[in-house]
Amino acid sequence: MHSYRSHTCGQLRKSNVGETVRLSGWVHRKRDHGGVLFIDLRDTYGITQIVAQGNAELERVRAESVVTIEGEVVNRAEGTVNAKMPTGEIEVAVKSVTVQSIADVIPFQVSEDDGAGEDVRLKYRYLDLRREGMHSRVRLRNNVIAAMRRRMWDEGFQEFNTPILTASSPEGARDYLVPSRLHPGKFYALPQAPQQFKQLLMMSGFDRYFQIAPCFRDEDGRADRLAEFYQLDMEMSFVQQEDIFKVMTGVIGGIFEEFADFTGEKRRIEWLPNMGYVEAMEKYGSDKPDLRNPLVICDVTNVFKRDDVTFNAFKGVIEKGGAVKAIRAPKVADKPRSFFDKLNDWARGEGAVGLGYITIDSLSLEGEGRGEGGAAPLEGKGPIAKFVPPAALAELCKAAALESGDAVFFVCDKEEKALKFAGRARDRICDDMGIREKGVFKLFWLVDFPMYELDEKTGKVDFSHNPFSEPRGGMDALNGDPLKVIANQYDCVCNGFELCSGGIRNHRPDIMERAFAIAGYSKDVLEKKFGGMLNAFRYGAPPHGGCAFGVDRIVMLLADEPNLREVYAFVMNGQYEDPMMNAPSDITEAQLKDLHLKLNLLKKVEAA
RNA sequence: GCGGGUGUAGUUCAGUUGGUUAGAACGCUUCCCUGUCACGGAAGAGGUCGCGGGUUCGAGUCCCGUCACUCGCGCCA
């Protein structure tokens with residue numbers, strides 16, 4: 001017999017009764033009854049109850065110790081069968097025990113979720129990973145990655161590796177930098193994405209590339225953002241936007257279908273029609289709207305412009321070019337005052353003046369008609385209502401499609417800021433109303449991004465997203481108003497998360513020069529920073545495009561977890577420190593010397 | 001860089017208006033228990049109330065500062 005195990009802890013069934021077996025695993029739980037001792041023995045495959053009588057050695061071991069036991073598989077007596085366990089019909093009667101490793105007292109419970117905080121979980125991540133939830137989520141992540149590889153290969157893509165030590169790129173996020181020993185004073189950068197390499201592979205004629213690619217960005221963290229993360233990165237040649245959508249809708253949709261029941265609840269997958277960037281911003285105030293939220297934003301600036309509307313707080317902003325955005329909240333007029341106060345408090349906490357609203361108590365049958373069955377409102381209530389006379393209220397009802405019993409919330413600011421804040425209010429109101437749809441993944445492609453945007457501070461035109469994207473209309477488009485240029489660029493959005501970003505690339509060096517010139521980058525700068533790729537374009541570049549899906553965000557959605565750290569085995573905390581490995585850490589003088597570096601920190605740090 | 005929240009036993013938390021010896025649950029230690037499966041029972045150990053300063057007769061509680069964690073804003077082409 002194998003010296004550690006003949007079976008796993010998830011394997012034995014009634015059919016094994018009578019066999020002598022050997023099991024190894026962790027002591028999950030101990031139930032000592034004096035004369036008889038039960039231990040739930042756990043490995044990654046499952047849990048088997050073992051039973052011992054008068055075994056002093058087993059009685060001594062603490063939870064999470066590792067033991068090997070040999071014994072006989074026996075039927076559990078009637079009434080002692082545990083229907084909750086796959087192995088619950090049998091147990092193993094211990095004959096001999098080898099203690100492989102005694103565990104110290106553990107800092108938090110492995111056998112249950114005792115609510116231990118993230119800092120202590122990360123410090124003892126290996127213990128945390130033994131726990132059922134983390135263990136299964138890490139397996140989910142591995143399975144998702146395997147499925148991605150399989151599906152991409154099935155579509156005719158090959159997986160490539162691209163360099164980790166590469167050159168700093170001037171745009172985008174901050175780079176993680178690695179000093180060079182052989183080249184004093186010079187630095188490698190870790191890739192923010194394999195963007196240029198995958199495009200170069202298209203220049204090399206490989207046609208279909210993919211990679212589960214590690215990416216590094218030195219920006220502050222968020223629940224859905226880490227310093228290092230993985231993307232399903234892909235690129236294809238001789239394609240248009242729709243070709244990318246077709247392939248990746250299949251691959252990603254397939255992944256969602258494949259793992260939709262991970263949480264035990266079978267969730268639906270819905271692909272909604274492509275949405276334009278402008279529509280997303282105007283209706284949802286976000287470039288990654290959660291379409292499980294039915295609320296939409298509309299513009300009611302004209303209502304507040306009326307002479308008979310006397311709400312000067314909004315009027316003043318409108319006169320300076322601002323706008324009023326409205327969010328209709330259906331059938332909440334009878335909610336207690338606290339419902340509205342809570343939202344108002346939230347808005348103030350977010351730095352807004354408040355969240356004004358009007359409730360529509362009833363609509364009369366007389367007055368101006370507003371279509372079938374509708375009529376002018378009899379009255380509105382709420383802090384702003386007294387500034388809005390009936391005729392204006394009627395226009396408001398029409399503009400925001402209000403019905404009797406509805407409330408409407410207002411955000412007033414400069415157009416862009418108003419939309420952004422209305423977008424967040426939209427989500428907040430939805431959650432307070434409890435109307436976010438459950439059990440569904442709502443996916444869609446967000447298209448028609450603007451190529452450029454105006455930097456508010458400098459007044460300069462800059463790339464709004466990816467500078468390598470193809471401007472729709474080519475050179476002609478670039479000779480017009482840059483702010484009207486649409487890029488062949490797209491995102492894939494799911495339940496309020498940006499899952500993917502991509503584009504059809506600009507493969508013409510002349511157009512690229514022009515595109516960068518508009519954003520204020522001279523030919524010299526372009527050559528210096530992207531010379532390698534630009535050169536490649538000059539030797540026959542195929543039209544190409546692609547995208548990159550955030551692997552971890554997909555896993556996070558499938559696992560129904562609000563935080564990326566819940567789906568990663570080893571991960572840094574919110575400050576990008578690893579409390580287990582003690583990273584980042586000091587280095588020795590010798591290492592510094594090798595790298596030709598001398599520390600002269602601009603900000604004084606206390607010596608350890 | 002900025003803002004919100006949190007910080008009390010190994011873990012998760014409670015702690016009233018400032019008032020005597022800072023509590024609970026789980027975990028831990030010792031003991032009892034032959035059918036449990038979140039076993040049960042008895043006893044016990046375990047605290048620089050994040051840290052520093054202040055107010056006060058008296059501070060876990062109030063004030064100031066600081067640190068850590070966390071969520072968000074900025075940032076993330």
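Values reported hereafter were calculated over all heavy atoms of this structure, with side chains retained and with hydrogens, waters and symmetry mates removed. Letters go in sequence order (proteins before strands), and every chain restarts at 1.
- With its ring centre under 5.5 Å from that of the base six-membered ring and a plane angle below 30°, A:F38 counts as stacked on B:rU36.
- The stretch residues 60-79 of chain A touches RNA chain B through A:R62, A:R76, each having a heavy atom under 4.0 angstrom from the strand.
- Contacts of A:R565 with the nucleic acid, taken as non-hydrogen atoms under 4.0 Å apart, involve only primed sugar atoms and P, OP1 or OP2.
- Protein atom CG of A:D114 is 13 Å distant from nucleotide atom P of B:rC26, rounded to whole Å.
- Below the 3.5 angstrom threshold, one finds no donor paired with an acceptor across the side chain of A:D119 and the base of B:rC69.
- Counting atom types as modelled, A:R225 pairs no side-chain N or O with a base atom of B:rG72 as donor and acceptor under 3.5 Å.
- Distance A:I106 CD1 to B:rU12 P: 14 Å, rounded to the nearest Å.
- Atom OH of A:Y576 and atom P of B:rC75 are 16 Å apart (whole Å).
- The residue A:E577 sits close only to the backbone: its heavy atoms come under 4.0 Å of sugar-phosphate atoms, none of a base.
- Within 3.5 Å, no donor on the side chain of A:R217 pairs with an acceptor on the base of B:rC76, nor the reverse.
- B:rG58 and B:rA22 have their C1' atoms separated by 16 Å, given to the nearest Å.
- The CZ atom of A:R131 sits 12 Å away from the P atom of B:rU11 (whole-angstrom rounding).
- A:D40 has its CG atom 6 Å from the C1' atom of B:rC37, to the nearest Å.
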Query raised in the report: Which string of ( ) [ ] | and . matches RNA chain B, if you list each base 5' to 3' and count Watson-Crick or G-U pairs only when both distances are under 3.5 Å?
Result: (((((((..((((.....[...)))).(((((.......))))).....(((((..]....))))))))))))....
